[in-house]
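Step one of this worksheet: look at the structure below.
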Amino acid sequence: MVRPKTEEEIELLRINGELVSKTLAEVGKWVAPGVTTGVAPGVTTAKLNEVAETFIRDHGAIPSFKGFEGFPAALCISVNDVVVHGFPSDYALKEGDIVSVDCGTLYKGYNGDSAYTFPVGEVDAETRKLLDVTKASLYKGIEQAVAGNRTGDIGYAVQSYAESYGFSVVRELEGHGLGTKMHEEPGVPNYGRQGHGARLADGLVICIEPMICAGGRGVYLARNGWAVHTADHKNAAHYELTVVVRKGRAEQLSTFDFIEKGTL
C-alpha cells in the first residue's frame with residue numbers, strides 16, 4: 001500500500017536525509033587518486049566505507065545498508081563500470097576513475113538514502129558529461145514529483161533528458177518509496193510514459209535515483225550476487241535524492257549542497 005507520510009514522519013526522514021547528505025560530504029573529502037609515481041597509492045574504497053560508518057555512528061545513527069539482506073558494508077561503492085551495489089575493497093582509487101557512493105542511515109526507526117558519483121582527480125570530457133547529465137536528469141525527475149502526477153512522469157523526464165545526450169538508462173533498477181523500511185512502494189523507474197504509473201500523493205516520500213550508462217543499457221550481476229556492471233564495461237553514473245511529493249513543487253529531504261559547497 002502506498003501511504004503518504006505524516007509531517008512528524010517527514011521530520012524524522014528529514015533528519016536522516018541531512019545525515020546521509022553530510023556523510024557523503026565527509027566521504028567526498030577522502031576521494032582522491034594516488035600519486036602517479038606509485039609511491040603513494042590512492043585511498044581505498046574500504047577506507048571510504050570506514051569513514052562513513054564512523055561518521056554515521058558518531059551521530060547516533062546506524063548504517064542501514066550493513067547487514068541488509070546480507071550486504072557486508074555501510075556503503076555501496078561502485079567504481080567505473082559498476083552501476084550500483086559494489087562492495088568496498090582494497091581497490092585504490094586512480095586518476096580518472098569515477099566512484100558512486102550510496103549511503104543509508106537508520107535513526108529513530110526511519111531511513112535516509114542518498115547517492116553521489118564523485119570524479120577521482122581529473123576525468124575526461126565524456127565522463128564529465130556523463131556525470132553532469134546524470135545529475136541534471138535527477139533534477140528533471142524531481143521537477144515532476146508533484147501531487148497529481150504519476151511515476152511515469154518522473155521516469156519520462158529522466159529518460160528523455162539522458163537519452164537526448166546519447167546516454168542510456170538502466171531498466172532493471174529503480175527508485176523507491178522510503179520510510180520505516182528502506183524500500184517501500186511505489187517503485188520509481190527512470191524511464192516511462194507520461195501519465196502512466198502510480199499516482200503521486202501529497203506527503204509521499206520517494207527516492208529518485210537515475211542510473212545512466214555511457215554506452216548501452218545492458219547490465220549483468222556479478223558472481224557475488226550484488227554488484228551490477230554495465231555489459232559493455234563502459235562507465236555508469238548514479239545520483240539519488242530523497243524528496244517529499246508536494247502540491248506544486250517537491251521538497252528535498254537530502255541534498256548535495258554539503259558536497260558541492262564544501263561545508264558541513
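Quick note: residue numbers are just sequence positions, from 1. Everything quoted here is computed from the prediction, not taken from an experiment. Just so you know, these numbers use all the heavy atoms, side chains as well, and skip hydrogens, waters and symmetry mates.
- For the pair Arg199 (side chain) and Gly148 (backbone), a donor-acceptor distance under 3.5 Å is present.
- Not one N or O on the side chain of Asn80 forms a donor-acceptor pair closer than 3.5 Å with the backbone of Asp97.
- Summarising the geometry of Glu122 relative to Glu95, their closest heavy-atom pair is N-OE2, 2.7 Å, with the distance given to 0.1 Å.
- Between the side chain of Ser100 and the backbone N or O of Thr117, no donor-acceptor pair lies under 3.5 Å.
- Ile56 approaches Gly104 most closely through the heavy-atom pair CD1-O, 4.0 Å.
- Heavy atoms only, all atoms of each residue included: Leu173 and Val228 are closest at CD1-CG1, 4.1 Å.
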Q: Quick one: do Glu18 and Lys22 satisfy salt bridge (charged side-chain N to carboxylate O under 4.0 Å, His left out)? Show the steps, please.
A: CA-CA 6 Å; Glu18 181 173 296; Lys22 289 182 174 179; 3.2 Å; yes
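- Arg14 has a carboxylate O that lies under 4.0 Å from a charged side-chain N of Glu251, or vice versa, which qualifies the two as a salt bridge.
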Q: Would you sort out whether Ile206 and Leu204 count as a side-chain contact (heavy atoms from CB on, under 4.5 Å), showing the intermediate values?
A: CA-CA 6 Å; Ile206 56 175; Leu204 182 67; 3.9 Å; yes
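- In this structure, Val169 and Arg217 have side chains that are not in contact, with every pair of non-hydrogen atoms separated by 4.5 Å or more.
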Q. Checking side-chain contact (heavy atoms from CB on, under 4.5 Å) for the pair Val99/Ser78: CA distance, chi angles, key distance, verdict?
A. CA-CA 6 Å; Val99 54; Ser78 307; over 6 Å; no
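- When only modelled atom types and interatomic distance are considered, Asn16 and Asn111 share no side-chain donor-acceptor pair under 3.5 Å.
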Q.
Set out, in order, the CA-CA distance, both residues' side-chain angles and the distance that settles ring pair (Phe, Tyr, Trp, His ring centres under 6.0 Å) for Phe65 and His85, then state yes or no.
A. CA-CA 10 Å; Phe65 290 1; His85 304 159; 8.3 Å; no
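- Among the candidates Val243, Leu24, Leu13, Thr242, the single residue satisfying the side-chain contact (heavy atoms from CB on, under 4.5 Å) test with Ser254 is Thr242.
- Salt bridge Arg128/Asp132: present, at least one basic N to carboxylate O contact under 4.0 Å.
- Between Gly121 and Pro33, the shortest heavy-atom contact is N-CD, 3.9 Å.
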Q: Go through Asn235 and Thr230 one step at a time and tell me if the side-chain contact (heavy atoms from CB on, under 4.5 Å) criterion holds.
A: CA-CA 7 Å; Asn235 283 346; Thr230 58; over 6 Å; no
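- Thr105 places no side-chain N or O within donor-acceptor distance of the main-chain N or O of Pro63, the cut-off being under 3.5 Å.
- For Tyr139, there are no ring-ring contact (aromatic ring centres under 6.0 Å, His included) partners, not counting sequence neighbours.
- No side-chain heavy atom of Phe71 sits less than 4.5 Å from a side-chain heavy atom of Lys66.
- In this structure, the separation between SG on Cys103 and CG on Leu75 is 5.5 Å, given to the nearest 0.5 Å.
- More than 12 heavy atoms of other shown residues, nucleotides or ligands fall within 6.0 angstrom of atom OH in Tyr220.
- Put simply, OH on Tyr107 and CG on Leu19 are 9.5 Å apart, with the number rounded to the nearest 0.5 Å.
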Q: Could you give me the CA-CA distance, side-chain angles and deciding distance for Glu184 and Lys5, then say whether side-chain contact (heavy atoms from CB on, under 4.5 Å) is met?
A: CA-CA 12 Å; Glu184 298 185 354; Lys5 300 296 187 285; 3.0 Å; yes
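- In this structure, the side chain of Glu163 does not engage the main chain of Ser160 through any donor-acceptor pair within 3.5 Å.
- Residues Leu178 and Leu253 share a single hydrophobic cluster, defined by chaining ILVMFWY side chains whose heavy atoms lie under 4.5 Å apart.
- Put simply, the side chain of Glu11 does not reach to within 4.5 Å of the side chain of Lys108, judged on heavy atoms.
- A distance-only check finds no donor-acceptor pair linking the side chain of Asp257 to the backbone of Glu260 [under 3.5 Å].
- Inspection of the Asp113 and His183 side chains reveals no N or O donor paired with an N or O acceptor under 3.5 Å.
- A heavy-atom distance below 4.5 Å is found between the side chains of Phe87 and Pro72.
- Here Leu130 contributes atom CG and Ile212 contributes atom CD1; the two are 8.0 Å apart, rounded to the nearest 0.5 Å.
- Ion pairing between Glu53 and Arg57 holds under the 4.0 Å rule for side-chain N and carboxylate O.
- The aromatic rings of Phe55 and His59 lie tilted to each other, with the angle between the two planes from 30° to 60°.
- For the pair Ser137 (side chain) and Val158 (backbone), a donor-acceptor distance under 3.5 Å is absent.
- A continuous path of hydrophobic side-chain contacts links Val43 to Val101 [ILVMFWY only; heavy atoms under 4.5 Å].
- The line from SG of Cys207 to CE of Met182 is 10.0 Å long, rounded to the nearest 0.5 Å.
- Two residues are said to be in side-chain contact when any heavy atoms from C-beta on lie closer than 4.5 Å; Glu9 and Arg3 meet this criterion.
- In this structure, CE on Met211 lies 12.5 Å from OG on Ser168, to the nearest 0.5 angstrom.
- Between Asn190 and Val170, every side-chain heavy-atom pair lies at or beyond the 4.5 Å cut-off.
- The number of heavy atoms from other shown groups lying within 6.0 Å of NZ (Lys140) does not exceed 12.
- Checked for salt-bridge contact, Glu50 and Lys47 meet the test: a charged N lies under 4.0 Å from a carboxylate O.
- Under the 4.5 Å side-chain heavy-atom criterion for grouping Ile, Leu, Val, Met, Phe, Trp and Tyr, Val188 is connected to Ile142 within one hydrophobic cluster.
- A salt bridge is absent between Glu240 and Lys135; no separation between the charged side-chain nitrogens and carboxylate oxygens falls under 4.0 Å.
- Within the model, atoms CD1 of Ile98 and CG of Leu93 stand 11.5 Å from one another, a figure rounded to the nearest 0.5 Å.
- A distance-only check finds a donor-acceptor pair linking the side chain of Asp153 to the backbone of Gly195 [under 3.5 Å].
- Grouping the Ile, Leu, Val, Met, Phe, Trp and Tyr side chains by contacts below 4.5 angstrom, directly or via other members, places Val51 with Val79.
- Note on Trp30: it clusters hydrophobically with Tyr91, by side-chain heavy-atom contacts below 4.5 Å among ILVMFWY residues.
- Residue Ile10 comes nearest to Arg246 through the heavy atom pair CD1-NH2, 3.9 Å, listed as atom of the first residue, atom of the second, then distance.
- Using modelled atom types and a 3.5 Å distance limit, the side chains of Tyr239 and Glu209 yield no donor-acceptor pair.
- Between the side chains of Gln144 and Asn149, a donor-acceptor pair is found at a separation under 3.5 Å.
- Tyr156 does not carry Arg193 over the face of its six-membered ring by the limits of under 6.0 Å from the centre and within 45° of the normal.
- Inter-residue side-chain proximity for Pro119 and Leu131 is flagged as met; some heavy-atom pair is nearer than 4.5 Å.
- Within the 4.5 Å cutoff, the side chain of Phe258 has no heavy atoms near those of the Glu26 side chain.
- Here the closest non-hydrogen pair linking Ala74 and Asn49 is N-OD1, 2.9 Å.
- Within the 3.5 Å criterion, the main-chain N or O of Val123 finds no donor-acceptor partner in the side chain of Thr127.
- In this structure, the ring of Phe118 has its center less than 6.0 angstrom from the ring center of Tyr116.
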